[in-house]
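Since the structure comes first, as structure tokens, the remarks are kept for the end.
Everything quoted here is computed from the prediction, not taken from an experiment.
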Amino acid sequence: MEKMVALVTGGSRGIGKSIVLGFAKAKVDVVINYCHNDEEALELEDYIKNNYDVDVMLVKGDVSNEEDVCSMVDAIVDRFGKIDILVNNAGICRDNLLLDKSVRDFRRILDVNLIGTYLCSKYVGKIMLENKKGKIINISSTNALDSYYPESCDYDASKAGVISLTHNLALEFAPYIYVNCVCPGWVKTDMNKDLSIEQIQNERDKILLGRFANPDEISSVVLFLASSKASYVNDSIIKVDGGKYN
């Protein structure tokens, strides 16, 4: 049986890394997109090659740069001939006081988190439409739904845009491409490593399960959506937040 091919943006660390490893365990050939950290990406590539019977490919590039995205998609198609699954996971956050945010920083958050999701979906979507099949899973955040933080207003806006984009992509690409969105709550990743003990406790107190998620608790939902078991799940926005309330 021909193997599936999955592209995971921002796939060298955090939630993206967990998703990449989940695909490898499921015997899906995987493409790891990353932007900066060569060492982490190469270590992950070596680990997969040494532990799983799948093909793995690294592609360095900025998802907010259209030329990078086009080159990435072309390289993947040259090697594999197709892309079956796209996980738009790449994202950044730069928290600071709302009134201190610069327009430049605000735009950078939108460029990576929202424009990057659009560009990857556009160019990968064209390949999927040619094959008349595919799955796109976008990673948003509960910050887009019901957990607002003024210091993260740019991040919140970008992730709300990802949800809106998900609905529009699902409409545009139906019936051939499934498009769904996962909205994680607090997750134990490097993005949250600088939180104070007091902040962590305050946020834990708002979660029914009383803890932050491990990355694999997010990736398991992504892998479900990418699988044949989710054959009637489309245009859905799925919260994975442990039962968070404000």
Can you tell me if [atom1] on [X] sees more than 12 non-hydrogen neighbours from other groups inside 6.0 Å?
X: Gln199; atom1: CD; result: yes
X: Leu208; atom1: CG; result: yes
X: His36; atom1: NE2; result: no
X: Tyr118; atom1: OH; result: no
X: Asp53; atom1: CG; result: no

I want to check something: taking the side chain as every heavy atom from C-beta on, are [X] and [Y] in contact at a cut-off of under 4.5 Å?
X: Lys135; Y: Val87; result: no
X: Lys133; Y: Tyr176; result: no
X: Ile137; Y: Asn88; result: no
X: Leu225; Y: Val233; result: yes
X: Ile109; Y: Arg94; result: yes
X: Val124; Y: Met128; result: yes
X: Phe80; Y: Lys3; result: no
X: Tyr155; Y: Tyr149; result: no

Go through Ser141 and Cys183 one step at a time and tell me if the side chain to side chain contact (heavy atoms under 4.5 Å, CB included) criterion holds. CA-CA 4 Å; Ser141 170; Cys183 294; 5.6 Å; no
Please evaluate residues Glu45 and Lys49 with respect to the criterion salt bridge (Lys or Arg N to Asp or Glu O under 4.0 Å), reporting the C-alpha separation (whole Å), side-chain torsions for both, the decisive distance (0.1 Å), and the verdict. CA-CA 6 Å; Glu45 180 187 37; Lys49 285 181 176 179; 3.5 Å; yes
Would Ser158 and Asn113 count as a side-chain hydrogen bond (donor to acceptor under 3.5 Å, both in side chains) here? Give the steps. CA-CA 6 Å; Ser158 71; Asn113 297 0; 3.0 Å; yes
Identify which one of Asn180, Ile83, Ile85, Leu86 satisfies the side chain to side chain contact (heavy atoms under 4.5 Å, CB included) criterion when paired with Ile136.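 That would be Leu86; it is the only one of Asn180, Ile83, Ile85, Leu86 passing the side chain to side chain contact (heavy atoms under 4.5 Å, CB included) with Ile136.
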Will you find, in the side chains of [X] and [Y], an N or O donor that is under 3.5 Å from an N or O acceptor?
X: Asp111; Y: Ser64; value: no
X: Ser152; Y: Asp95; value: yes
X: Gln201; Y: Asp205; value: yes
X: Asn96; Y: Lys101; value: yes

Output the distance between atom OG (Ser12) and atom CG (Leu58), rounded to the nearest 0.5 Å.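 Ser12 atom OG to Leu58 atom CG measures 9.0 Å (nearest 0.5 Å).
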Which label fits Tyr47 and Tyr52: parallel for a plane angle under 30°, tilted from 30 to 60°, or perpendicular past 60°?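 If you compare the ring of Tyr47 with that of Tyr52, the planes turn out perpendicular.
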Just do the side-chain hydrogen bond (donor to acceptor under 3.5 Å, both in side chains) check on Asn138 and Thr166 with the steps written out, would you? CA-CA 7 Å; Asn138 297 325; Thr166 297; 2.9 Å; yes
Would Ile163 and Leu169 show up in the same hydrophobic cluster when neighbours are defined by side-chain heavy atoms closer than 4.5 Å?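 They do not share one cluster, since no chain of ILVMFWY contacts under 4.5 Å joins Ile163 to Leu169.
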Under the salt bridge (Lys or Arg N to Asp or Glu O under 4.0 Å) rule, what do Lys60 and Asp38 come out as? Steps first, then yes or no, please. CA-CA 8 Å; Lys60 187 174 184 177; Asp38 296 297; 3.2 Å; yes
Working for salt bridge (Lys or Arg N to Asp or Glu O under 4.0 Å), residues Arg107 and Asp105: CA-CA 5 Å; Arg107 283 179 175 153; Asp105 285 345; over 6 Å; no
When you measure from the side chain of Ser219 to the backbone N and O of Gly22, does any donor-acceptor pair fall under 3.5 Å?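 No, the answer is negative, given that no donor and acceptor are paired below the 3.5 Å cut-off.
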If you apply the rule salt bridge (Lys or Arg N to Asp or Glu O under 4.0 Å), what do you find for Asp146 with Lys239, and how did you get there? CA-CA 10 Å; Asp146 55 17; Lys239 288 173 62 176; 2.8 Å; yes
